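Below, chain A is the first sequence line, B the second, and so on; all start at residue 1. Keep in mind that the numbers below use all heavy atoms, side chains included, and drop hydrogens, waters and symmetry copies. This structure is a prediction, so every number in the text was calculated from the model and none was measured.
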Number of protein chains: 2
Amino acid sequence: MIESGNAESIRRGGGTGRLKAIKSVLRGRIDDGEYTAGKRLPSERQLCDEFETSRVTLHEILIQLETDGLIYREDRRGWFVSPTRFVYNPQSRGHFQMSASEQGRKPGTVVIDKAIVVPPPIVRELLDLGPDQELARIRRVRSINERSILYVEHYCIPEVFPGLFDHDLSVSMTELYREVYGFHYGRMKYRIMPTAVTGEAAGFLRVSNGSPALLVARVNHSIDERVRDCDLEYWRHDAVLIEVDVEAG
Amino acid sequence: MIESGNAESIRRGGGTGRLKAIKSVLRGRIDDGEYTAGKRLPSERQLCDEFETSRVTLHEILIQLETDGLIYREDRRGWFVSPTRFVYNPQSRGHFQMSASEQGRKPGTVVIDKAIVVPPPIVRELLDLGPDQELARIRRVRSINERSILYVEHYCIPEVFPGLFDHDLSVSMTELYREVYGFHYGRMKYRIMPTAVTGEAAGFLRVSNGSPALLVARVNHSIDERVRDCDLEYWRHDAVLIEVDVEAG
DNA sequence: AGGCATGACTGGTCTAGTCCAGACCTTAAC
DNA sequence: GTTAAGGTCTGGACTAGACCAGTCATGCCT
């Protein structure tokens, strides 16, 4: 059997357990702290040399460790050990910045852009809109300890929030809507599913096109149900743990 | 540019957009119904021949379509077009069978086994147990239209449910606990995160070891908070959409 | 009629590379 | 001090296979 940390006793050839063996060694190094959270792993080519394996096989091993949530990659920058997951409680009074601080993390928000757009079909469906309705869209990237983990597209009806784009949009939208427009959320409806992150979103999250993510699509309703807006949140799939309490029906 | 459905006009060589082009063609065939839900795709080798590409590249393309939730694979059986996702509402009064029927699907449940075991660390943490506490574990596989999409490990304290293993365990545990033991759930705490499915669970779900899944870990509390049990639910990642309504704090 | 063996087909694993394109660092010039 | 260019390093994309192991259907034998 494979000695932990030893690259030499691993057999080669088709279906010989190399993948499993090398994966186990790398997992061991992460577990025992030889590779620490946030730090970059040796490059794929270096690991290939060490384990005397091909880049395709080594790459597949890293992808499986990534699926496990143990490591993450930044496109053309390297593979890194994943920190513990951010705990996302949809019921929390606090917003992202507050929750992150409470969890001992350093939150950050960057506004990518703001524009009046025709929203994608999923947003029209969520908000029950006609085909030509335009919305205000604010795109932001959230980070934890300087690592981009969340890309958000926020959509709302511009007429309901006149002058919205004149405000500082890096703050909590919840607080902005309450303080400036007197708009209070009454309830939120969440849809959660694994998906792929593509296009510009992938770039902002520093992943390659088609990488796995967790999509949280949220529709926010005002207390009187007259006003709705929504958020499409694409979370790096290794970076988030959602916790929800539910009363039995 | 690539003619939709045409495999011949795709360039070859490193980073030439073959992947993107072939992916786009296959996505188009799924969207326009040439490949229909539940049906098997042509094999990897057949698609390699058609698109004149290598199995590694073709495989990567399929994996990206899988990440998108468009197709799924069964280990050594083929790739299939994904049906629409099962909508999982944790707040629903109904249980899996009822929800599935309401969504026009044919639910199924198979009991894999039942045993008294030392639970894994995650379960001990969820239930706040000591290191040697044994629990009753019931393992089941749920299917929709004869497709296995969910592997569940249910854990509870055997002393609270004497004679549990003598019952039909393919029914709703919620109903069984209420009817036989007078045990009513008061609230449930959910933890949701993407993960990898491994070991026997992978086999039951017909995926290879290390495949992506959505883990829903649920702790069920009785009304008087005296009794707790929990479920580890591993969902095929393309097969589930979680919907939750939340009142603002 | 049922069970077992065999063959064909499936995806998984593995090799040994090449080429592409973005990221980042260093150096030089203005 | 800033900007640009060049070089090195990174992962992504791609090739043309080979070999492994599980799945399933078919045929034969009891």
Side-chain angles (χ1 to χ4, degrees), chain A residues 7 10-24 39-49 51-67 71-80 148 196-198 200 202-212, chain B residues 7 10-24 39-49 51-67 71-80 148 196-198 200 202-212:
Chain A
I10 295 168
R11 292 195 295 113
R12 311 164 68 115
T16 56
R18 280 181 80 70
L19 189 149
K20 174 177 276 192
I22 297 172
K23 188 173 155 186
S24 184
K39 292 297 193 304
R40 188 157 67 172
L41 272 59
S43 70
E44 287 185 3
R45 290 172 179 85
Q46 287 174 319
L47 291 169
C48 281
D49 286 342
F51 291 102
E52 290 178 10
T53 188
S54 72
R55 270 197 64 219
V56 168
T57 299
L58 199 280
H59 192 74
E60 176 59 28
I61 290 164
L62 295 177
I63 285 173
Q64 289 192 21
L65 291 170
E66 176 184 47
T67 303
I71 60 174
Y72 68 93
R73 66 179 124 161
E74 293 197 350
D75 196 9
R76 302 172 216 275
R77 295 174 181 87
W79 291 89
F80 302 79
S148 306
V197 61
T198 58
E200 288 185 302
F204 297 133
L205 290 177
R206 294 183 156 202
V207 298
S208 56
N209 231 312
S211 294
Chain B
I10 296 169
R11 295 198 293 116
R12 314 163 66 116
T16 56
R18 280 181 81 68
L19 189 150
K20 175 179 275 192
I22 296 171
K23 189 173 153 186
S24 186
K39 290 300 193 298
R40 189 158 66 175
L41 271 61
S43 71
E44 288 186 4
R45 290 173 178 84
Q46 288 174 316
L47 290 170
C48 281
D49 286 344
F51 291 103
E52 289 176 14
T53 188
S54 72
R55 269 197 64 218
V56 170
T57 299
L58 198 282
H59 192 76
E60 176 58 29
I61 290 164
L62 296 177
I63 284 174
Q64 288 192 22
L65 291 170
E66 176 185 47
T67 304
I71 61 176
Y72 68 92
R73 67 180 125 159
E74 293 197 349
D75 195 9
R76 300 173 217 274
R77 295 173 180 88
W79 292 89
F80 302 79
S148 305
V197 58
T198 59
E200 288 185 304
F204 296 134
L205 290 178
R206 295 183 156 201
V207 297
S208 55
N209 232 311
S211 294

| Hey, are the side chains of B/Asp75 and B/Arg206 touching, using non-hydrogen atoms and a 4.5 Å cut-off? | no

| Position toward the 5' end of DNA chain D (nearest nucleotide), A/Leu62 or B/Lys20 | A/Leu62

Show each protein N/O and nucleotides 5-9 of chain C N/O combination with a separation under 3.5 Å, one pair to a line.
none

| Looking at D/dC24, C/dG12, D/dG11, which one has an atom nearest to any side-chain atom of B/Arg77? | D/dC24

| message | So B/Arg73 and B/Ser208, do their side chains get closer than 4.5 Å, heavy atoms only? | response | yes

| field | Separation of C/dA21 C1' from A/Asn209 CG (nearest whole Å) | value | 14 Å

| request: Give the rounded distance in Å between these two atoms: CD of A/Glu52 and C1' of C/dG17. | output: 16 Å

| Atom-to-atom span, CZ of B/Arg18 to C1' of C/dC20 - whole angstrom | 15 Å

| message | Output the rounded distance in Å from CD (B/Glu74) to P (C/dT10). | response | 14 Å

| query | To the side chain of B/Gln64, which of D/dA13, D/dT10, C/dT13 is closest? | reply | D/dA13

| said: What's the closest nucleotide to the side chain of B/Trp79 if the choices are D/dC14, C/dC24, C/dG11? | reply: C/dG11

| task | Would you give the length of the straight line joining atom CD1 of A/Ile22 to atom OG of A/Ser24, rounded to the nearest 0.5 angstrom? | result | 10.5 Å

| note | Against the side chain of B/Arg206, the closest entry in D/dC24, D/dT15, D/dG12 is D/dC24

| remark: Rounded to whole Å, NZ of A/Lys23 lies from P of C/dG12 at a distance of 13 Å

| Spacing of A/Arg45 atom CZ relative to D/dT8 atom P, expressed in whole Å | 14 Å

| said: So, using side chain to side chain contact (heavy atoms under 4.5 Å, CB included) as the criterion, who are the partners of B/Phe204 when residues are at least two apart? | reply: B/Ile112, B/Arg139, B/Val141, B/Tyr151, B/Glu200

| said: I need the minimum non-hydrogen distance between A/Val197 and A/Leu205, along with the two atoms involved. | reply: CG2-CD1, 4.2 Å

| request: Please identify each residue that fulfils side chain to side chain contact (heavy atoms under 4.5 Å, CB included) with B/Arg40, with sequence neighbours left out. | output: B/Phe80

| message | Can you see if the side chain of B/Thr53 gets near the phosphate of D/dT15 - specifically, an N or O under 4.0 Å from OP1 or OP2? | response | yes

| request: Figure out the CG/P separation between A/Asp75 and D/dA13, and round it to whole Å. | output: 8 Å

| task | Without swapping roles, check the side chain of A/Arg18 against the backbone of A/Phe51 for a donor-acceptor pair under 3.5 Å. | result | yes

Could you list the donor-acceptor pairs under 3.5 angstrom formed by side chains in residues 55-65 of chain B, with sequence neighbours left out?
residue, atom, partner, partner atom, Å
B/Arg55, NE, B/Glu44, OE1, 3.3
B/Arg55, NH2, B/Glu44, OE1, 3.0
B/Thr57, OG1, B/Ser54, OG, 3.2
B/His59, ND1, B/Glu44, OE2, 2.8
B/Glu60, OE2, B/Gln64, NE2, 3.1
B/Gln64, OE1, B/Lys23, NZ, 2.7

| task | Establish, with yes or no, whether the OP1 or OP2 oxygen of D/dG12 is under 4.0 angstrom from a side-chain nitrogen or oxygen of A/His59. | result | yes

| query | Which of these nucleotides, D/dC24, C/dG12, C/dT15, is closest to any side-chain atom of A/Thr57? | reply | C/dT15

| request: Go through C/dT13, D/dT15, D/dC14 for me and flag the one nearest to the B/Leu19 side chain. | output: D/dC14

| query | So, does the side chain of B/Arg55 form a donor-acceptor pair with the base of C/dG12 at under 3.5 Å? | reply | yes

| So what does B/Ser208 hit on the nucleic acid, given a heavy-atom distance under 4.0 Å: a base, only sugar-phosphate, or nothing? | sugar-phosphate

| task | Looking only at side-chain atoms of A/Glu44, point me to the closest of C/dC24, D/dG11, D/dG17. | result | D/dG11

| Could you state the CG-P distance from B/Leu58 to C/dG11, rounded to the nearest angstrom? | 9 Å

